[in-house]
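Encoded as structure tokens, the structure appears first; notes follow it.
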Amino acid sequence: MSSKVRVRFAPSPTGHLHIGGARTALFNWLFARHNKGVFILRIEDTDRSRSTEEYIEAIIEGMKWLGLDWDEGPYRQTDRLEIYKSYVNKLLKEDNAYYCYCSPEELEERRRLALAQGKPPKYDGRCRGLKEPVPGRIPAVRFKMPQVGITVVDDLIRGKVSFDNEQLDDFIIMRSDGTPTYNFCVVVDDVDMRITHVIRGDDHLNNTPKQIQIYRALNYEIPKFAHLPMILGSDKTRLSKRHGATSVMAYKEMGYLPEALLNYLVRLGWSYKDQEIFSKEELIEKFNIENIGKSAAVFNPEKLLWLNSHYINASTPERLYELVRPFLIKEGIIKEDTQIDIQWVSKAIATLKERSRTLVELANSLRYYILEDIEIEQEARQKFINEKTIGYLRRVRELLSSMDGFESKALEEAFKKLISELGVKLSEVAQPLRVAITGKTVSPPIFDVLSVLGKERTLRRLDRVIKTS
RNA sequence: GGUCCCAUCGUCUAGAGGCCUAGGACGUAGCCCUCUCAAGGCUAAAACACGGGUUCGAAUCCCGUUGGGACCGCCA
């Protein structure tokens, strides 16, 4: 019998939760949920100069927005310094690690030199055999890598990957200030937290042999590894700010739904036959590591946008109102304390959701429903408002003011009669009317708009155009 | 430079030696629907990087070439 699956997402708080990190988190989360295992959030903040509280908050905020809930943590490595220290001492005592008195400047110089000579910038191991401390220097601690043989990483996605130990150098596991480094504490933590599967970005594959050697030195069982392919920008280099928004929360602000981003991210590197749309439940049911691809994927904002429109269209108007409200406030369409009748606004949103790709678009389209005074676009007026169409609008006004109900069905019937009386096509009346009541040449079906707006406001807008023209 | 990884339409991908005349999705173009815009439906253009093997048969297996990426820190 196999022990319970335990996985973790271990971001370093040196920036916001970004697209790549979010996908790593998602895959870990899905793997845990699929296997009824445990998902752990661990903050890797040993680099104190670059880690901040704000970024920890930002990462948590991003995880919460995406709905990636964790079962343990967030653990913080800075809370666990004593644990690492004891393991360093153990390695030191067992002669698997040693003090290194080289200064960062010296190391940097040697590295530069090696690179210039076209040699691998590998630590030369000069402190390895040192018997006495070097006075006046505070040492770092290095791990003693085996210098012969090979280390094999058995990866769930890549298969067996071999590294010549000769290529690996004695890396620093504890800085001279006493803080441990990544390649060391990641192992200690994964062991301590009984992680069964390490699912992380491809960029860590080269670190894995080093980590495996630490496992061995500590005499611990090695977890399963799964290295995910990278996410690239449109120019096929590592996704970065140059390629546009990379932070998860930036997508929230641009009016994306979390399920759209999640659905997009999961298909970057993972597939299930021809299926494109997945609910969260479906993903949990269907996710597996076998179907993760090996090659890097280019991030494609167009497809994300398509998914977003799909999910907006699939949402109920009631939910969309809740989601769009902050955007209405931000766009200055309503105030924080503005109360809107939920039934009415739902009806309005129902007419717009299939033509909105983001919540920002939805908010802006809602403008002419919510605001009392609308602005008529200059071009629209020029094209559709003239003596002839004003005449039509007068007839429309007459017709509408005589109507009791304002349901789109009834309106449509009445308009059919009107246009046959006028002997024109519907579009000849509908477009001027659309411009008069929405200010634009584009809107949901005109009868739906009238119905949402109601008789009183429709007549007011009509009068304004008829009188001022 | 060294090490490691990767390689199917522009992009995400299906493809487990014959089911491939290479399928789906985004995007693009056209048509249908239509009061505008969408949504929806239909159609089209669009790919196995190249060269060698293995095999009766290769997108699929092997080798090489080329191209891309990652890592080589007292960052993670």
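What's counted below: heavy atoms across the whole structure, side chains too, no hydrogens, waters or symmetry copies. Residue numbers start from 1 in every chain, and the chains themselves are labelled A, B, ... in the order their sequence lines are given, proteins ahead of strands. Note that this is a predicted model, so its numbers are computed, not measured.
The phosphate of B:C6 (OP1 or OP2) has a side-chain N or O of A:K294 nearer than 4.0 angstrom. When the side-chain nitrogen and oxygen atoms of A:R357 are compared with OP1 and OP2 of B:A39, none of them lie within a distance under 4.0 Å. Using a 4.0 Å cut-off, no side-chain N or O of A:S427 falls inside it from OP1 or OP2 of B:U36. In this structure, A:K122 does not reach the B:U3 phosphate: none of its side-chain N or O atoms is under 4.0 Å from OP1 or OP2. Within the 4.0 Å cut-off from OP1 or OP2 of B:C74, at least one side-chain nitrogen or oxygen of A:R111 is found.
Salt bridge annotation for A:R80-A:D192: present, with a cationic side-chain nitrogen under 4.0 angstrom from a carboxylate oxygen.
Here, B:C9 and B:C32 have their C1' atoms 26 Å apart, quoted to the whole Å. Taking the C1' atom of each, B:A45 and B:U3 are spaced 43 Å apart, rounded to whole Å. Here the separation of B:U55 from B:U13, taken at their C1' atoms, is 29 Å to the nearest Å. Between the P atoms of B:G67 and B:G51, the separation comes to 16 Å (whole Å). B:C48 and B:U21 are spaced 15 Å apart, taking the P atom of each and rounding to whole Å. Between the C1' atoms of B:U34 and B:C42, the separation comes to 16 Å (whole Å).
Only one option out of A:T438, A:L453, A:V345 pairs with A:Y369 in a side chain to side chain contact (heavy atoms under 4.5 Å, CB included); it is A:L453. Among the candidates A:R319, A:E354, A:K353, the single residue satisfying the side chain to side chain contact (heavy atoms under 4.5 Å, CB included) test with A:I312 is A:K353.
A donor atom on one side chain and an acceptor atom on the other are found under 3.5 Å apart for A:D47 and A:S49.
Taking 3.5 Å as the limit, the base of B:C35 and the side chain of A:R434 contain a donor-acceptor pair of atoms between them. The base of B:A76 has none of its N or O atoms less than 3.5 Å from a complementary donor or acceptor on the side chain of A:D203. Judged by distance alone, with hydrogens and angles left aside, A:E276 brings a side-chain donor or acceptor within reach of the base of B:G24, the pair sitting under 3.5 Å.
Of the candidate nucleotides B:A38, B:G10, B:C74, B:C74 has the atom lying nearest to any side-chain atom of A:S176.
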